[in-house]
Amino acid sequence: MTEPDAFPRAPRSLSVQYSGVAELRGPLLVVRGVSGVGWDEFATVGTTAEGAGPAPRHGVVLEVDRDLAVVQVLEGTEGLALDSTWISFSGEPLRIPVGPDWLGRTCNGRGDPIDGGPPIFGVHDAPVAGYPLNPGRRDPPADPVLTGISAIDAFTTLVRGQKLPVFSSAGLPHLELAAQIAAQSTAGVEPFCVIFAGMGLTHADADAVRATLDERSAAGELLLLVNTADDPVLERILTPRIALTVAEHLAFELDRHVLVVLADMTSYAEALREVSAARGEMPGRRTYPGYLYSDLASLYERCGRIRGKTGSVTVLPVLTMPAGDITHPVPDLTGYITEGQIVLSADVHARGIYPPVDPLASLSRLMRRGAGPGRTRKDHLDLAAQTLAALARARQVRELAEIVGASALNATDQLYLHFAADFEQRLVDQLRGERRDLDQTLDRCWDVLTVLPARELTMLPSGMVEAHTRKGR
């Protein structure tokens with residue numbers, strides 16, 4: 001068997017080479033005189049220049065107008081010349097092999113192995129754009145993905161088939177948290193794997209992610225796609241699509257539960273903006289392309305569950321908000337598409353708490369489908385509601401104390417201040433790399449709530465409070 005190209009192509013005998021390259025502009029190549037070429041078609045670009053080397057480049061058709069085609073070259077057009085460049089079209093969209101051979105591998109953003117291992121083979125292949133899914137065949141998300149992070153598992157439980165983003169700001173440990181979630185998440189005893197797609201990472205960040213995920217990769221439960229900041233910008237646009245294509249096959253053909261972590265989607269959106277500017281498109285909000293919403297939706301909506309299939313695809317996008325602005329187009333549009341958010345707080349981070357999650361600003365709209373009796377623990381939902389209600393009251397008391405002084409507070413308000421401190425230090429704060437099971441997390445919720453008198457626990461059934469009190473004795 002001959003070694004396959006990283007990107008499968010139509011047989012050479014069925015393709016036609018064109019040499020009428022009219023323009024090379026940034027990552028774009030414009031060719032004239034083409035016939036029968038369609039949008040999103042995969043292309044191969046080469047050069048006849050002496051000493052240029054045999055390695056071909058790869059591209060995707062962005063636009064077709066009569067006999068003119070605009071192609072985005074994934075590796076960029078640097079070093080190409082108009083008179084020595086040729087291009088051939090495959091007659092179909094970009095496809096990649098799919099199957100379990102991806103697990104345990106580390107690849108670049110185009111899916112080429114960079115771990116020193118053999119090429120990735122697959123009995124089947126699939127288009128990176130994905131297949132349309134009949135909405136009538138979708139099953140609603142259900143059952144939890146447990147991350148081992150108390151602040152997430154207790155209050156914003158991640159549900160299989162859900163899309164739940166992490167909103168962060170520059171300087172916060174969002175990438176470290178994303179890697180920890182990827183390293184220790186589980187679907188209980190059911191088959192589970194993780195795909196981590198890093199986009200626009202520094203080399204130091206890429207090395208840190210590899211080190212964190214090394215154990216899971218060695219166990220054959222992880223695919224790591226690494227696009228670094230100095231890789232071609234167009235590769236960044238391809239990276240999440242490859243991750244989701246592999247995930248769909250693992251979930252819906254091989255019956256696995258797959259968690260796809262996409263970090264950082266702001267880098268992805270900036271790459272999309274750069275390509276849009278090179279094409280001369282009319283810019284939208286803050287110079288992002290007007291189709292940013294539909295493009296993000298085409299990625300996020302590839303998660304879910306299918307009726308009659310055991311597996312699921314859960315998506316956890318990570319976004320950095322420029323200047324912490326949640327109204328920035330990327331987090332703003334993401335919020336319209338997804339089912340909640342996990343928000344990291346600079347104030348919590350400044351107090352030395354890891355992970356710096358702000359539970360009151362965070363929300364999982366599908367939590368009730370993944371938590372409670374028969375899914376996590378009978379007391380989970382009531383306990384989460386009571387803890388968040390107490391935290392909201394504690395925030396009000398803290399603001400009041402800043403005005404009148406802590407000594408002016410009554411005894412109950414003083415207890416709420418103690419509760420807020422215990423909440424962060426005993427429940428939210430955990431060691432980097434520490435994995436807590438759900439029982440440990442919920443027991444910590446009970447422990448911090450016992451700072452308050454029983455009369456304040458109005459959202460918990462009295463029988464549940466009494467049972468826990470007896471148990472504590």
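Just so you know, these numbers use all the heavy atoms, side chains as well, and skip hydrogens, waters and symmetry mates.
- Taken from OH in Y18 to CD1 in I87, the straight-line distance is 10.0 Å, to the nearest 0.5 Å.
- Checked for salt-bridge contact, D143 and R305 miss the test: no charged N lies under 4.0 Å from a carboxylate O.
- The backbone N or O of I181 lies less than 3.5 Å from no partner atom in the side chain of Q184, so there is not a single donor-acceptor pair.
- Side-chain atoms of N108 come within 3.5 Å of backbone N or O of D112 as a donor-acceptor pair.
- R95 forms no cation-pi arrangement with F42, by the criterion of a distance under 6.0 Å to the ring centre and an angle within 45° of the ring axis.
- Identified under the salt bridge (Lys or Arg N to Asp or Glu O under 4.0 Å) test for residues 163-175, with sequence neighbours left out: K163-E301, K163-E339.
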Please walk me through it: do T228 and D231 pass side-chain hydrogen bond (donor to acceptor under 3.5 Å, both in side chains)?
CA-CA 5 Å; T228 57; D231 284 332; 2.9 Å; yes
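- Taking a cutoff of 4.0 Å between a charged side-chain nitrogen and a carboxylate oxygen, R436 and D429 do not qualify as a salt bridge.
- Salt bridge R432/E434: absent, no basic N to carboxylate O contact under 4.0 Å.
- Listed for the W102 side chain is no donor-acceptor partner under 3.5 Å among the backbone atoms of V246.
- Partner of H58 under the side chain to side chain donor-acceptor pair (under 3.5 Å) criterion, out of R110, E75, Q72: E75 alone.
- Comment: D332 engages R285 in a salt bridge, judged by a side-chain N to carboxylate O separation of less than 4.0 angstrom.
- With respect to the salt-bridge test (charged N to carboxylate O, under 4.0 angstrom), the residues D207 and R210 qualify.
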For V166 and L319, run side chain to side chain contact (heavy atoms under 4.5 Å, CB included): C-alpha distance rounded to whole Å, both residues' side-chain angles, the deciding distance at 0.1 Å, then the answer.
CA-CA 6 Å; V166 175; L319 303 90; over 6 Å; no
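- For the residue pair Q162 / S364, a side-chain donor-acceptor distance below 3.5 Å is found, with atom types taken as modelled.
- Between the side chain of E221 and the backbone N or O of R216, no donor-acceptor pair lies under 3.5 Å.
- Using a cut-off of 4.0 Å between Lys/Arg side-chain N and Asp/Glu carboxylate O, K309 and D255 are scored as not salt-bridged.
- Relative to the six-membered ring of Y288, R273 meets both conditions, a distance below 6.0 Å and an angle of at most 45° to the axis.
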What's the verdict on side-chain hydrogen bond (donor to acceptor under 3.5 Å, both in side chains) for S88 and Q17, showing C-alpha distance, side-chain angles and the deciding distance?
CA-CA 4 Å; S88 65; Q17 285 191 18; 5.7 Å; no
Derivation of the side-chain hydrogen bond (donor to acceptor under 3.5 Å, both in side chains) call for T239 and N227:
CA-CA 7 Å; T239 302; N227 166 264; 4.6 Å; no
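- Between E190 and R160 a salt bridge is recorded (basic side-chain N to carboxylate O distance below 4.0 Å).
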